[in-house]
Chemist: 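Structure below; questions to follow.
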Amino acid sequence: MPDLFPFIPYPDSVPGLAWVYILQSADDSLYIGHTRDLRERTRKHRLGLGSKHTHDHAVPNLIYCEGPMALEKAIKREAQLKRWSRAKKEALIRGDVANLRTLALSRERHG
């Protein structure tokens, strides 16, 4: 059984601003996205309407979010997080700043 992260509460929507989020499915897979309404977007993912990934991986739950921020910034942050290694994403989710820095430095040294 995978070691699942705890669910987090949904923040309220803020008109005109967006959130970057990470969902974890029952099979431990992670999905990263952005939205203006986390509660509604997660509901769509749970119904299999949010993305192909969450359609194929059951029961996604919100485990991390950043925001609110301008939509353009959320899109860029989503793209950045999608390029990260699984270890770096997990350090971010845990709030492990020291490990996050170590992983970032390791990548700079090793390409």
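Predicted model, so just to flag it, every value in this text is computed and none were measured.
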Chemist: Got a sec, which residues hit salt bridge (charged side-chain N to carboxylate O under 4.0 Å, His left out) with Arg41, two or more places apart in sequence or on another chain?
Modeler: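 Salt bridge (charged side-chain N to carboxylate O under 4.0 Å, His left out) list for Arg41, sorted by chain: empty.
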Chemist: Under the side chain to side chain contact (heavy atoms under 4.5 Å, CB included) criterion, do Lys89 and Ile32 qualify, and how do the steps go?
Modeler: CA-CA 10 Å; Lys89 290 171 191 171; Ile32 299 170; 3.7 Å; yes
Chemist: Who pairs with Lys82 by salt bridge (charged side-chain N to carboxylate O under 4.0 Å, His left out), at least two apart in sequence or on another chain?
Modeler: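 Testing Lys82 for salt bridge (charged side-chain N to carboxylate O under 4.0 Å, His left out), a comparison that skips the adjacent residues, returns Glu78.
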Chemist: Quick one: list whatever passes salt bridge (charged side-chain N to carboxylate O under 4.0 Å, His left out) with Arg94, sequence neighbours left out.
Modeler: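 Counting only residues at least two positions away or on another chain, Arg94 forms a salt bridge (charged side-chain N to carboxylate O under 4.0 Å, His left out) with Asp96.
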Chemist: What distance do Glu90 atom CD and Leu103 atom CG have between them, rounded to the nearest 0.5 Å?
Modeler: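 One gets 10.0 Å once the value is rounded to the nearest 0.5 Å.
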Chemist: Quick one: list whatever passes side-chain contact (heavy atoms from CB on, under 4.5 Å) with Ala79, sequence neighbours left out.
Modeler: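 Applying side-chain contact (heavy atoms from CB on, under 4.5 Å) to Ala79 gives Arg83.
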Chemist: Which ILVMFWY residues are connected to Val97, directly or by a chain of links, through side-chain heavy atoms under 4.5 Å apart?
Modeler: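 Same cluster as Val97: nobody, lone residue.
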Chemist: Holding to side-chain contact (heavy atoms from CB on, under 4.5 Å), I want the full list of residues that pass it with Ile93, two or more places apart in sequence or in another chain.
Modeler: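 Result, side-chain contact (heavy atoms from CB on, under 4.5 Å) vs Ile93: Phe5, Ile22, Leu30, Ile63, Tyr64.
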Chemist: Considering all heavy atoms of both residues, which atom of Leu17 and which atom of Ala70 are nearest to each other, and what is their separation?
Modeler: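 Leu17 and Ala70 have their closest heavy atoms at CD2-N, 3.9 Å.
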Chemist: I'd like to check the side-chain contact (heavy atoms from CB on, under 4.5 Å) partners of Lys76; sequence neighbours left out, ordered by chain and number.
Modeler: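 Lys76 satisfies side-chain contact (heavy atoms from CB on, under 4.5 Å) with Glu72 once adjacent residues are dropped.
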Chemist: Can you run down the salt bridge (Lys or Arg N to Asp or Glu O under 4.0 Å) pairs that involve residues 48-57, sequence neighbours left out, and say none if there aren't any?
Modeler: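 Found Lys52-Asp56.
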Chemist: What are the two closest non-hydrogen atoms of Asp12 and Trp19, and how far apart are they?
Modeler: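 Minimum heavy-atom contact is O-CZ2, 3.5 Å.
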Chemist: Quick one: list whatever passes salt bridge (charged side-chain N to carboxylate O under 4.0 Å, His left out) with Arg43, sequence neighbours left out.
Modeler: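 Testing Arg43 for salt bridge (charged side-chain N to carboxylate O under 4.0 Å, His left out), a comparison that skips the adjacent residues, returns Glu40.
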Chemist: Indicate yes or no for a side-chain donor-acceptor contact from Arg36 to the backbone of Pro15 under 3.5 Å, with no hydrogens or angles considered.
Modeler: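 Flag not set: sc Arg36 to bb Pro15 has no pair under 3.5 Å.
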Chemist: Begin from the C-alpha positions of Val20 and Lys73 and carry the test side chain to side chain contact (heavy atoms under 4.5 Å, CB included) through to its verdict.
Modeler: CA-CA 9 Å; Val20 176; Lys73 185 175 178 183; over 6 Å; no
Chemist: Determine the minimum heavy-atom distance between Cys65 and Ile8, stating which atoms define it.
Modeler: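 Looking at all heavy atoms of both residues, the shortest contact is N-CD1, 3.7 Å.
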Chemist: In Å and rounded to the nearest 0.5 Å, what is the CZ to CD distance from Arg77 to Glu66?
Modeler: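 One finds 4.0 Å between CZ of Arg77 and CD of Glu66.
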Chemist: Considering all heavy atoms of both residues, which atom of Pro60 and which atom of Arg46 are nearest to each other, and what is their separation?
Modeler: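 Scanning both residues, the minimum pair turns out to be O-NE, 3.0 Å.
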Chemist: Could you tell me the separation between the NZ atom of Lys44 and the OG1 atom of Thr35, rounded to the nearest 0.5 Å?
Modeler: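 Rounded to the nearest 0.5 Å, the NZ-OG1 separation comes to 8.0 Å.
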Chemist: Sequence neighbours excluded, which residues qualify as side-chain contact (heavy atoms from CB on, under 4.5 Å) partners of Arg39?
Modeler: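 Listed in chain order: Tyr10, Asp37.
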Chemist: Hey, are the side chains of Lys88 and Leu100 touching, using non-hydrogen atoms and a 4.5 Å cut-off?
Modeler: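 Side chain of Lys88 against side chain of Leu100, heavy atoms only: contact under 4.5 Å found.
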Chemist: Run the side-chain hydrogen bond (donor to acceptor under 3.5 Å, both in side chains) test against Tyr31 and tell me which residues pass, sequence neighbours left out.
Modeler: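 Testing Tyr31 for side-chain hydrogen bond (donor to acceptor under 3.5 Å, both in side chains), a comparison that skips the adjacent residues, returns none.
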